[in-house]
Amino acid sequence: MTGQANITPVVVRLKLSLLRNGLKQSGGRRAAYVVSAVIVVLFGALQLLGLIALHGNDHALSVVALLVAVLALGWAVMPLFFPSGDETLDPTRLVMLPLRPRPLVRALLTASLVGFGPLFTLLLLVGSVIAVAHGGAAYAVGVVAVVLALLVCVALARAVAAANIRLLTSRKGRDLAVLSGLVIAIGAQLVNFGAQRLGSSGLSQLDPVADVLKWVPPASAVGAVDSVSEGSYGAAVAQLALSAVALYALIVVWSRHLTKLMTAPDGSTLQAATDRPTTRERTSGGLARLLPAGRTGTVMERSLRYIWRDPKTKAAWVTSLAIGLIVPVFNALQGTGSIYFACFAAGMLGIQMYNQFGQDTSAFWMVATTISSAHDAYVELRARALALLVITLPYTTLVTVLTTAMLDDWPRLPQALGLSLALLGAMMATGAWTSARFPYSIPQEGYKNVVPGQTGLAWISIFGGMVSAALLCSPVIAAAIWAGIAKNGDDWAWLLLPFGAAYGTTLTWTGLHLAAPRTAARLPEILTAVSKG
């Protein structure tokens with residue numbers, strides 16, 4: 001087979017063979033595939049019927065333009081979070097074959113149309129065209145629009161995959177899939193918020209967005225159908241041309257990345273540069289200079305590097321940061337929020353103090369060798385708490401101030417911020433204690449956060465600690481309630497800020513001192529528990 005031959009049928013058969021051989025591996029995999037296929041087809045058919053029902057609605061274009069734009073966005077991010085979902089997404093498997101980029105692009109583009117993802121997209125695109133088409137000319141243009149939009153979506157996914165294939169096929173790249181849960185969680189909140197706004201205000205809220213999106217590929221292809229229905233043939237030609245140009249540009253970008261991937265050497269074929277900085281030079285950055293000297297600074301730097309580099313730790317932090325902001329802000333936007341929802345940020349970030357040693361997994365033995373007394377354990381726990389506070393304190397303050405500004409409830413800012421700081425201190429205290437008393441292992445691979453057999457420990461550690469933290473905050477909560485109902489409570493409400501800060505600091509100091517001797521005494525049990533993953 002040469003680069004000039006038509007390799008499209010071969011690549012399509014290759015994809016079908018990969019699919020067939022994968023299903024032969026186990027009955028469970030076949031059952032999961034069949035169930036997934038049925039769900040996708042049924043859901044797509046229901047969406048098709050719903051879009052057809054929009055035919056004749058004044059705001060049909062607003063709905064379908066947004067829908068097609070979201071579809072394209074989904075195709076763009078799919079390779080980043082599910083790189084193993086399609087074996088043919090990795091063109092580096094074909095580098096040893098004498099293939100030219102142009103026929104290879106054509107073959108891979110055709111092979112990309114095989115699967116339930118393209119079928120689901122096709123159903124939505126067909127429904128979108130039917131929703132806005134009026135007249136024979138519109139339906140004729142709709143056929144072209146569906147093909148163009150589908151090819152743009154597929155080419156977008158391929159271009160993104162080719163541009164990031166070195167990352168996606170590495171271990172660090174595969175760990176990006178851990179963040180898919182965060183994307184789904186945030187997306188669900190956005191969809192819920194948008195549905196509530198539409199339910200109260202109607203589809204007319206989407207019209208300004210549609211006016212822009214109908215000129216953005218691939219939604220512009222569907223916009224062309226609406227333009228033909230309205231008799232604006234010049235606009236329709238321009239919108240179709242935009243989608244065609246976008247498809248051509250994506251194919252050019254994709255082809256260039258393929259050429260680079262199949263001709264340029266990677267790190268495995270190059271000798272290590274002799275002038276690379278040593279480990280000591282690489283690690284002695286600006287972060288170390290900003291931290292305290294001695295063991296405290298070393299532990300803080302290690303904890304902060306875990307947050308930045310370890311996929312599981314990073315995913316947990318990003319999720320907490322995002323949800324801690326989304327809950328109070330979205331409730332404030334809907335007019336149903338309270339300034340005390342800002343405490344949600346402190347609660348989400350305080351959870352990161354729980355199971356501190358489990359986050360180290362089997363590497364905890366290196367830490368354990370440096371702990372020979374309760375004082376060593378106290379310094380270790382204190383440094384970990386300080387590393388967390390470097391992020392949690394300014395973030396909690398920012399969320400509280402932002403929520404206050406959105407609600408325009410500035411008189412209650414000291415109460416809300418004081419309560420948040422007290423809650424943060426309580427969770428630092430209970431997190432340190434439960435880390436020593438109920439440690440559990442976190443698997444390095446996959447989506448699970450607890451190894452089998454330790455789920456009970458995780459529930460006791462997290463939820464037991466959260467309940468204890470809430471009870472410990474009862475004095476500050478009682479003071480906030482009194483300030484809200486007493487006649488002269490507003491005159492004293494500002495004292496809740498220093499009271500909450502001092503109370504939270506005291507709780508943190510007490511919790512660390514109580515957890516330190518238990519940590520030193522239970523080092524072998526902790527090491528055994530956290531090394532099971």
**OP:** Please check if any side-chain donor atom of Y354 sits under 3.5 Å from a side-chain acceptor atom of T430, or the reverse.
**Re:** yes
Original post:
If you measure only the distance, is there a donor-acceptor pair under 3.5 Å linking the side chains of W433 and S468?
Top reply: no
**OP:** Go through Y340 and T403 one step at a time and tell me if the side chain to side chain donor-acceptor pair (under 3.5 Å) criterion holds.
**Re:** CA-CA 9 Å; Y340 296 107; T403 305; over 6 Å; no
Subject >> N355 side chain to Y440 backbone, donor-acceptor under 3.5 Å >> reply: yes
Subject >> Residue pair A470 / I477: nearest heavy atoms and the distance that separates them >> reply: O-CD1, 4.1 Å
Original post:
Side chains of I462 and F438: does their closest heavy-atom pair fall under 4.5 Å?
Top reply: no
Original post:
Under a 4.5 Å cut-off applied to non-hydrogen side-chain atoms, are I323 and F344 in contact?
Top reply: yes
Subject >> Straight-line distance of L424 CG to L419 CG, nearest 0.5 Å >> reply: 11.5 Å
Subject >> I351/M466 under side-chain contact (heavy atoms from CB on, under 4.5 Å): CA gap, chis, key distance, verdict >> reply: CA-CA 8 Å; I351 293 176; M466 292 173 64; 4.2 Å; yes
**OP:** Say whether, by atom type as modelled, one donor and one acceptor occur between the side chain of K314 and the main chain of W308 under 3.5 angstrom.
**Re:** yes
Original post:
Between the main-chain N or O of A436 and the side-chain N or O of Q356, is there a donor-acceptor pair closer than 3.5 Å?
Top reply: no
Subject >> Check: S435 side chain, M353 main-chain N or O, donor-acceptor pair, under 3.5 Å >> reply: yes
Original post:
Just how far is it from atom CD of Q415 to atom OG1 of T400, taken to the nearest 0.5 Å?
Top reply: 12.5 Å
Original post:
Does the side chain of S461 come within less than 4.5 Å of R437's, by heavy atoms?
Top reply: no
**OP:** Taking the side chain as every heavy atom from C-beta outward, state whether S531 and W365 have any pair of such atoms under 4.5 Å apart.
**Re:** no
Subject >> Side-chain touch Q352/W317, heavy atoms, less than 4.5 angstrom >> reply: yes
Subject >> Whether T434 side chain and G465 backbone form a donor-acceptor pair below 3.5 Å >> reply: no
**OP:** Report the relative orientation of the aromatic rings in F463 and W459; use parallel for angles under 30°, tilted for 30 to 60°, perpendicular for over 60°.
**Re:** parallel
Subject >> Rounded distance [0.5 Å steps], CH2 in W410 versus CD1 in I339 >> reply: 8.5 Å
Subject >> Contacts of type salt bridge (Lys or Arg N to Asp or Glu O under 4.0 Å), residue R295, not counting sequence neighbours >> reply: E380
**OP:** Determine the interplanar angle of the F357 and F364 rings, folded into 0 to 90°, and report it as parallel if under 30°, tilted if 30 to 60°, perpendicular if over 60°.
**Re:** tilted
**OP:** I would like to know whether I391 and L304 meet side-chain contact (heavy atoms from CB on, under 4.5 Å); could you show each step before the answer?
**Re:** CA-CA 9 Å; I391 302 173; L304 293 172; 4.2 Å; yes
**OP:** Report the C-alpha separation of L421 and F499 in whole Å, then their side-chain angles, then the decisive distance to 0.1 Å, and conclude whether the side-chain contact (heavy atoms from CB on, under 4.5 Å) test is met.
**Re:** CA-CA 9 Å; L421 296 178; F499 175 52; over 6 Å; no
**OP:** Ignoring hydrogens and angles, tell me if any N or O in the side chain of S441 forms a donor-acceptor pair with the backbone of V530 under 3.5 Å.
**Re:** yes
Original post:
Is there a side chain to side chain donor-acceptor pair (under 3.5 Å) between R382 and T296 once you walk through the steps?
Top reply: CA-CA 8 Å; R382 183 187 63 185; T296 298; 3.1 Å; yes
Original post:
Does the side-chain contact (heavy atoms from CB on, under 4.5 Å) test come out yes or no for D376 and T370, once each step is laid out?
Top reply: CA-CA 8 Å; D376 292 336; T370 66; over 6 Å; no
Original post:
Counting N and O atoms only, with roles assigned by atom type, does the side chain of T396 sit under 3.5 Å from a partner on the main chain of L393, one being a donor and the other an acceptor?
Top reply: no
